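See structure below.
Everything quoted here is computed from the prediction, not taken from an experiment. For ligands, and for the atoms within them, numbers begin at 1 and follow the listed sequence. The basis for the numbers below is simple: all heavy atoms, side chains too, and nothing from hydrogens, waters or symmetry mates.
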Amino acid sequence: MESVVQAHDLVFRIFLEEDRINSRVKELGAELRTRYAGQTPVFLGVLNGSFMFTADLARAFSEDCEVSFIKLASYRGTQSSGDVATLIGLETDLRNRHVIIVEDIVDSGKTLQVLLQELRQLQPASLEIAALLQKPDMLEHPIHVAYVGFSIPPHFVIGYGLDYNGLGRQYAAIYQLAEDGTV
Ligand code: 5GP
Ligand code: MG
């Protein structure tokens, strides 16, 4: 595993190693398996960042479930643009279903607040959030994240699905922007 990676003009250093991520995702899967026993929940991955986490979480859950994806893009570069687009691509009927929104990372919480509002209107039986990462210091909106992989400091990260302007999603580990960022 590389300890330093580059995406475009920026340098990132190893922050969460593959083994740590995998064992934490397995723990979350086991927790969800207990909570949702016999309920065939719907894992609703938020593209693009959560594709890897959603796949691994569903495997870790390992019981009957559905997996579906939606899209709601909001980020450009390493700073939130503040704009949140509306939900697209939902193909599963969520009415009376137990739904787990699967997010890569919760920052201000704005994306999820908007998403929760939209999804509640579809009248699921229950609606919870599983996020691989959360930056608690950055939270501005009162959302509850029931399942959090890791609480992290407010630095920009890539890898395990997360990108910097399109690059870096393929890494099995998570990398943090180096203090002295540029090459
Ligand atoms: P929020 O709406 O909570 O402010 O932002 C959430 C979204 O911003 C995440 O789903 C993710 O796409 C993006 N984001 C926030 N922090 C980071 C980060 O450190 N790295 C990357 N790659 N994306 C981030
Ligand atoms: Mg996201």
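- At least one heavy atom of K135 sits less than 4.0 Å from an atom of ligand 1.
- The contact set between ligand 1 and T111, taken as ligand atoms under 4.0 Å from a residue heavy atom, comprises 1 (P), 2 (O), 5 (O), 6 (C).
- Annotation: the span from E63 atom CD to T34 atom OG1 amounts to 9.5 Å, rounded to 0.5 Å.
- We find that E66 and R97 are joined by a salt bridge, their nearest charged nitrogen and carboxylate oxygen being less than 4.0 Å apart.
- Near S108, with a cut-off below 4.0 Å to any heavy atom, the atoms of ligand 1 are 1 (P), 2 (O), 3 (O), 4 (O).
- Distances below 4.0 Å separate heavy atoms of D163 from the following atoms of ligand 1: 21 (C), 22 (N).
- The backbone of H155, and not its side chain, has at least one atom closer than 4.0 Å to an atom of ligand 1 (non-hydrogen atoms only; backbone = N, CA, C, O).
- Using cut-offs of 30° and 60° on the angle between ring planes, the pair Y36 and Y147 is tilted.
- For the residue pair Q123 and R95, a side-chain donor N or O sits within less than 3.5 Å of a side-chain acceptor on the partner.
- Using cut-offs of 30° and 60° for the angle between ring planes, the F156 and Y164 rings count as perpendicular.
- No part of I158 comes within 4.0 Å of ligand 1, judged by heavy-atom distances.
- Comparing heavy-atom distances from atom 24 (C) of ligand 1 across I105, D104, L133 singles out I105 as nearest.
- Ligand-side atoms of ligand 1 in range of L162: 21 (C), 22 (N), 23 (N), range being under 4.0 angstrom from any heavy atom.
- Some N or O of G109 is nearer than 3.5 Å to an N or O of ligand 1, by distance alone.
- F61 and F43 have their aromatic ring centers within a separation under 6.0 angstrom.
- No hydrogens or angles considered: a donor-acceptor pair under 3.5 Å links the side chains of D56 and Y160.
- Looking at ligand 1, you'll find an N or O of V157 within less than 3.5 Å of one of its N or O atoms.
- Evaluation of the salt bridge (Lys or Arg N to Asp or Glu O under 4.0 Å) test over residues 30-50, restricted to residues two or more places apart or in two chains, returns none.
- Of all the atoms in ligand 1, the ones that sit under 4.0 Å from a non-hydrogen atom of E103 are 10 (O).
- For ligand 1, none of its N or O atoms has an N or O atom of Y164 under 3.5 Å away.
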